[in-house]
Colleague: 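One structure coming up, written as structure tokens, with questions to follow.
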Amino acid sequence: MKFRLSIGAMALLVAGVPLANPPLGLPPVPVPADNPQTPEKIALGERIFHDKRLSATGEVGCVSCHDPAMAFTDSPKRVSVGVNGLTGTRNAPTVVNAAYMKSQFWDGREPSLETQSHQPFVNPVEGGLENHAPLLAVVRSDPDYAAAFQRVYGKAGEQITMTEIGQAIASFERTLIAGNSPFDRYHYGGDPRALNDQERRGFDLYLNKARCVSCHVIEQDQALFTDNAFHNVGVGINQIQDEIPPLASAFLEAKRRGADVDKTVLTDPKASELGRFAVTDDISTVGAFKTPTLRNVARTAPYMHDGSLDTLREVVIHYNLGGKSQESDRVNPYLSGGIRPLDLSEPEIDDLVAFLEALTSPEFAATTATTTSPTGDEDHEPSTVTAQLPEAGERDRSDRPAAAEPGAVELRQPESGLHFRLPLGFPHPTHQGD
Amino acid sequence: MAETNLLSPKPDFVLYGGDIAQLGLKEEIDHGLELLSPLRYKTYHALGEHDYYLDLGEYWERRIGPQYYSFDHKGVHFVVLNSILTHDDWINKWPTPMDRMMTMAGLDNPEGSPFMVGDKQREWLRRDLAKVAKTTPLVVLSHSPLQKIFRNWNFWTEDAEQVQALLAPFERVSVLYGHVHQIQYNQIGNISFNSAMATAWPWPYPETYAQAPSHLPVLTVPMNRADPFQERDATGWQFVDIHSGRVALNYSLNDNGNRVVAYNAATGQPEDQGFQPADARIPPQTHY
Amino acid sequence: MRTKNMIVAVLCATLVPVVGQTLADEFSQADLERWSQQYMEVANQGRQLWVSADLGTNGVACAQCHPNAANTHPETYPKFQKQLGKVANLWEMVNWCIRNPLEGQPLAADDPRMTAILSYVTYERRGVALDPGKH
């Protein structure tokens with residue numbers, strides 16, 4: 001298995017400079033000047049990403065909540081589960097394409113991939129470590145790690161710090177890039193057949209009546225499906241809106257006394273609903289969360305920052321109701337300005353969901369079967385597929401190579417992507433135990 | 001309302017800069033007051049042209065209070081003026097009150113008429129200020145700017161110079177105004193001018209209209225919004241700190257960095273605390 | 001190449017009078033004034049639409065945010081519009097505004113009302129240099 005993975009790494013090199021040719025629909029991956037991509041660093045980051053020893057119980061790693069088999073989320077979990085089965089307050093966002101985000105976490109409390117990974121190790125409901133010392137002890141003493149750090153950074157022992165660890169993880173995450181969805185092939189690739197009639201109707205709704213594009217941005221030659229901004233869309237906070245004034249002042253007071261934002265928002269469900277406000281103290285951001293990408297969204301249920309909506313249909317209905325999940329709910333008074341009822345009909349909701357399901361990259365097209373076939377649309381192809389038989393439901397519009405990549409079946413990853421943007425493969429979560 | 005209720009420290013009171021209605025209708029004024037009702041602070045209102053030109057302020061007065069007045073708070077003398085009056089012959093020339101209202105409600109309607117404070121109110125102001133020591137900080141709230149920026153859209157008060165002359169003897173004078181839906185600030189003699197944002201919709205800066213000259217104060221660093229398309233752009237509220245006897249406005253801006261415009265005692269003028277130096281401004285636009 | 005074109009031109013110039021017709025691009029001052037007046041009529045129709053609530057369903061008019069059509073920047077189109085997710089024409093942006101702030105139904109590109117609106121908007125920016133793509 002390791003052998004095949006290293007072939008993957010070589011394929012990356014053979015293909016040329018990493019990231020030089022982003023997949024259809026995506027721009028080049030931004031790489032900070034002080035953390036250039038190298039194959040060795042990427043491999044080191046991947047290893048750390050999968051290493052569950054770096055937690056209080058030895059059972060939790062980055063990969064626990066960002067599982068390659070689940071499009072790098074922990075779908076179908078509502079909120080993430082850390083050490084000792086403890087749960088946080090937020091739904092794990094995908095790592096795929098996180099490299100394009102201008103801030104990390106749902107509330108953007110970390111500006112970069114390099115620093116983001118520091119926090120989960122020491123969050124009490126995630127990695128559960130008291131501090132980074134035990135983690136550093138492992139990577140400094142493990143011979144494989146020591147060799148890798150020496151190779152990548154020329155550093156050993158106490159020279160290895162969270163900075164190097166964060167950089168390596170970030171470098172690995174910058175290889176988790178996926179575009180080239182049916183939408184991309186339709187919109188940017190010039191293939192009019194890449195979307196069926198229903199998906200095309202959904203795209204029109206996305207741009208116009210449903211106004212999704214206002215925040216889930218599409219541009220002339222690329223689509224990140226996010227504005228990298230923070231909006232209160234009426235999730236979570238609706239239910240506790242009357243408690244916000246005391247909550248907000250108590251939070252500010254606690255923060256002034258030195259409370260850790262990362263720990264507070266992940267362990268206190270009500271404080272979590274303050275959203276971006278917890279980071280900025282800016283009243284106009286109460287209940288606001290980062291616009292997530294929509295790429296591969298059909299594979300990352302449930303939805304929203306708290307995982308409170310189980311299906312894409314429920315999400316569309318939430319927006320259709322003007323920022324509330326049930327007709328009987330009351331929208332919170334801090335709701336972002338652009339959120340208002342959309343007046344979508346039931347068939348239009350189906351169309352929009354169909355479009356969202358066409359944002360899946362080939363690497364993830366066969367992970368799980370979540371699509372329910374809508375009624376009344378003749379040209380819709382059933383897309384129910386299984387992980388074991390990736391070709392079974394593959395749409396003919398896919399430009400995926402006809403033959404499966406060597407190793408794909410053994411890895412039990414339906415679309416290894418070795419030829420593609422995920423050159424290190426989607427290694428099976430157990431590979432690092434061997 | 002909900003956001004301002006969260007402010008910390010709590011403001012002593014709220015100033016509302018006018019135009020609670022669109023066409024001066026009773027139901028609009030009632031609705032506006034209902035929307036304001038969650039506010040947990042005493043609120044002082046100024047009268048805007050949208051409140052006035054249907055019934056000449058009658059219902060507004062009944063629901064809210066006098067059209068101009070003054071009060072003292074913690075050593076500061078506050079004056080609220082009705083600055084949107086105009087000539088009697090213009091007021092009386094319309095076949096119906098709604099014709100008059102509709103005309104004045106169109107910002108760019110060439111049939112409109114310039115705003116003014118008027119002789120009667122200026123005389124009241126003169127007598128009101130006569131009781132106030134010249135060292136007392138003075139804050140004046142009006143709907144239109146008590147300065148002349150762009151006449152076509154009534155970013156303008158016809159008798160601005162005469163009002164300014166009454167304010168000039170005071171050491172510290174701050175004029176706050178609404179109407180313009182954008183950040184403006186200026187200094188004329190001892191008088192600082194600062195605008196408030198709208199609760200309605202954005203307005204362009206006058207120089208984006210190519211066919212008439214405008215006079216945006218050179219001191220003003222315009223909002224970074226040459227081509228706004230945010231529906232909430234230029235809307236919101238400001239937290240005003242009057243601790244020094246001069247105003248400092250903390251602008252909470254939608255999808256734009258927040259800004260602070262405060263009086264700088266060293267230069268004797270209001271300045272943006274981030275963008276005032278020419279090399280600190282943001283060219284070109286960083287959003288669309 | 002140049003010589004050839006010249007020959008053709010000379011031939012045309014000599015042929016036309018022979019068949020007794022006026023030149024195709026000849027026009028009088030009266031024509032200019034009439035056409036200009038026709039344009040202004042359409043621009044004025046656009047102004048009426050601009051200040052009316054007729055394009056929408058919620059009482060909002062274009063002029064509320066765009067007095068004198070300010071900040072419509074017709075000289076900058078086509079350009080990328082975030083709301084539309086692409087490089088767009090001005091008429092598409094007009095339709096975005098009709099759909100969203102005005103909550104109305106969009107107009108066809110060649111709808112006479114769209115022509116009127118674009119005539120008015122462009123008139124208010126007359127004399128400004130083209131600057132396509134600018135924000």
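Keep in mind it's a predicted model, so treat the numbers as computed, not measured. Labels below follow one simple rule: chain letters A, B, ... track the order of the sequence lines, proteins then strands, and each chain is numbered from 1.
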Colleague: Look at C/Glu124, C/Arg125, C/Arg126, C/Gln64 and state which one has the largest set of heavy-atom pairs under 4.5 Å with chain B.
Modeller: C/Gln64
Colleague: Give the minimum heavy-atom separation between C/Cys65 and B/Pro204, together with the two atoms involved.
Modeller: O-CD, 3.3 Å
Colleague: Kindly check if the number of other-residue, nucleotide or ligand heavy atoms within 6.0 Å of CD (B/Gln211) is above 12?
Modeller: yes
Colleague: Within a radius of less than 6.0 Å around CD of C/Gln38, do more than 12 heavy atoms belonging to other residues, nucleotides or ligands occur?
Modeller: yes
Colleague: Measure distances from C/Arg47 to the heavy atoms of chain B and classify the residue's part below 4.5 Å as side chain, backbone, both or neither.
Modeller: side chain
Colleague: If I take atom CZ from residue B/Phe150 and atom CG from residue C/Asn68, how far apart are they, to the nearest 0.5 angstrom?
Modeller: 6.0 Å
Colleague: Is it the case that C/Asn71 and B/Trp203 place a side-chain donor and acceptor less than 3.5 Å from each other?
Modeller: no
Colleague: Step by step, work out the side chain to side chain contact (heavy atoms under 4.5 Å, CB included) result for B/Thr208 and C/His66.
Modeller: CA-CA 10 Å; B/Thr208 61; C/His66 299 283; over 6 Å; no
Colleague: Kindly say whether C/Pro67 contributes a backbone atom to a donor-acceptor pair with the side chain of B/Asp108 at under 3.5 angstrom?
Modeller: no
Colleague: Counting heavy atoms not belonging to B/Met102, are there more than 12 under 6.0 Å from its CE?
Modeller: no
Colleague: How about NE2 on B/His31, more than 12 heavy atoms from neighbouring residues, nucleotides or ligands closer than 6.0 Å, or not?
Modeller: no
